[in-house]
Amino acid sequence: AQSVTQPDIHITVSEGASLELRCNYSYGATPYLFWYVQSPGQGLQLLLKYFSGDTLVQGIKGFEAEFKRSQSSFNLRKPSVHWSDAAEYFCAAQSGGSYIPTFGRGTSLIVHP
Amino acid sequence: ETGVTQTPRHLVMGMTNKKSLKCEQHLGHNAMYWYKQSAKKPLELMFVYNFKEQTENNSVPSRFSPECPNSSHLFLHLHTLQPEDSALYLCASSQGTSGDEQYFGPGTRLTVT
């Protein structure tokens, strides 16, 4: 069955530190891959997406993600975290031909001053 | 109004009440979605409509009844709910083609008493 796994439920970082959030997928073929962010009391907002080509994808708010086919991973990174980055982060995948995504369980990012 | 809007933002209802949630998208999209987001649980896809036709119903109890009168509006009619139905209900829209990202509304926080 198709699935998306975010192994970390919570991540705590200090402001200014680097960040990496993990995402692994299990699909027969490489799916479309997405990262969304949800601030408290809000809906989800797209940070970035990967379809094909360059495996390093740039997104909004200074985020980037790297697709690694050999590891079935699509990890989200940011070189220096700001307090406003504290939120819930969701990885999602869609198989080719589908417009309905499968979401991971989410990772809650806590930022210490 | 731009993007995806949801009303009301907060709703408290008794178990015997009937209420409706409304979602409107101003993006010209063809697909609309209802999700349930409960604390400590993954995002749950409830219903999907594409070109006003329901394409997904993920075994949702009949006390939830969706309605999609046109591609811009989506309703979720609620009746005889249970306390465990208390959650954030998110509406989303997309173009409805392969690989599209979703655009989310801010959600309706529902409390069933």
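Excluded from the calculations below are hydrogen atoms, water molecules and symmetry mates; all remaining heavy atoms, backbone and side chain alike, are included. Residue numbers begin at 1 in each chain, while the letters A, B, ... track the order of the sequences.
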### Query
Roughly how far, to the nearest 0.5 Å, is the CZ atom of A:R105 from the CD atom of A:E88?
10.5 Å
### Task
Determine the interplanar angle of the A:Y36 and A:F103 rings, folded into 0 to 90°, and report it as parallel if under 30°, tilted if 30 to 60°, perpendicular if over 60°.
tilted
#### Entry: B:Q6, part contacting chain A, at a heavy-atom distance under 4.5 Å
neither
### Task
Can you measure from NZ (A:K78) to CZ (A:F63) and round to the nearest 0.5 angstrom?
4.5 Å
## Note on the structure
Assert top hit (heavy-atom pairs under 4.5 Å, partner chain B, pool A:G106, A:S108, A:P101) equals A:P101
### Query
Relative to chain B, which segment of A:S95 carries a heavy atom at a distance below 4.5 Å: side chain, backbone, both, or neither?
backbone
### Task
Give a yes or no on whether a salt bridge exists between A:K61 and A:D85, defined as a side-chain N under 4.0 angstrom from a carboxylate O.
no
### Message
Which atoms of A:Y99 are under 4.5 Å from chain B, going by heavy atoms: the side chain, the backbone, both sets, or neither?
### Response
both
### Which atoms of A:Q45 approach chain B - backbone, side chain, both or neither, heavy atom under 4.5 Å
neither
### Query
At a heavy-atom separation under 4.5 Å, does A:L44 approach chain B through its side chain, its backbone, both, or neither?
both
### Task
Measure distances from B:Q102 to the heavy atoms of chain A and classify the residue's part below 4.5 Å as side chain, backbone, both or neither.
both
### Query
Is the CD1 atom of A:I9 crowded by more than 12 outside heavy atoms at less than 6.0 Å?
no
#### Entry: When B:L88, B:N50, B:T55 are compared by non-hydrogen pairs under 4.5 Å with chain A, the top option
B:N50
### Query
Where does B:R9 contact chain A at under 4.5 Å (heavy atoms): side chain, backbone, both or neither?
side chain
### Query
How are the rings of A:Y50 and A:F67 set relative to one another: parallel (under 30°), tilted (30 to 60°) or perpendicular (over 60°)?
parallel
### Message
Students often mix this up, so state it plainly: with edges at 30° and 60°, are the rings of A:Y32 and A:F51 parallel, tilted or perpendicular?
### Response
perpendicular
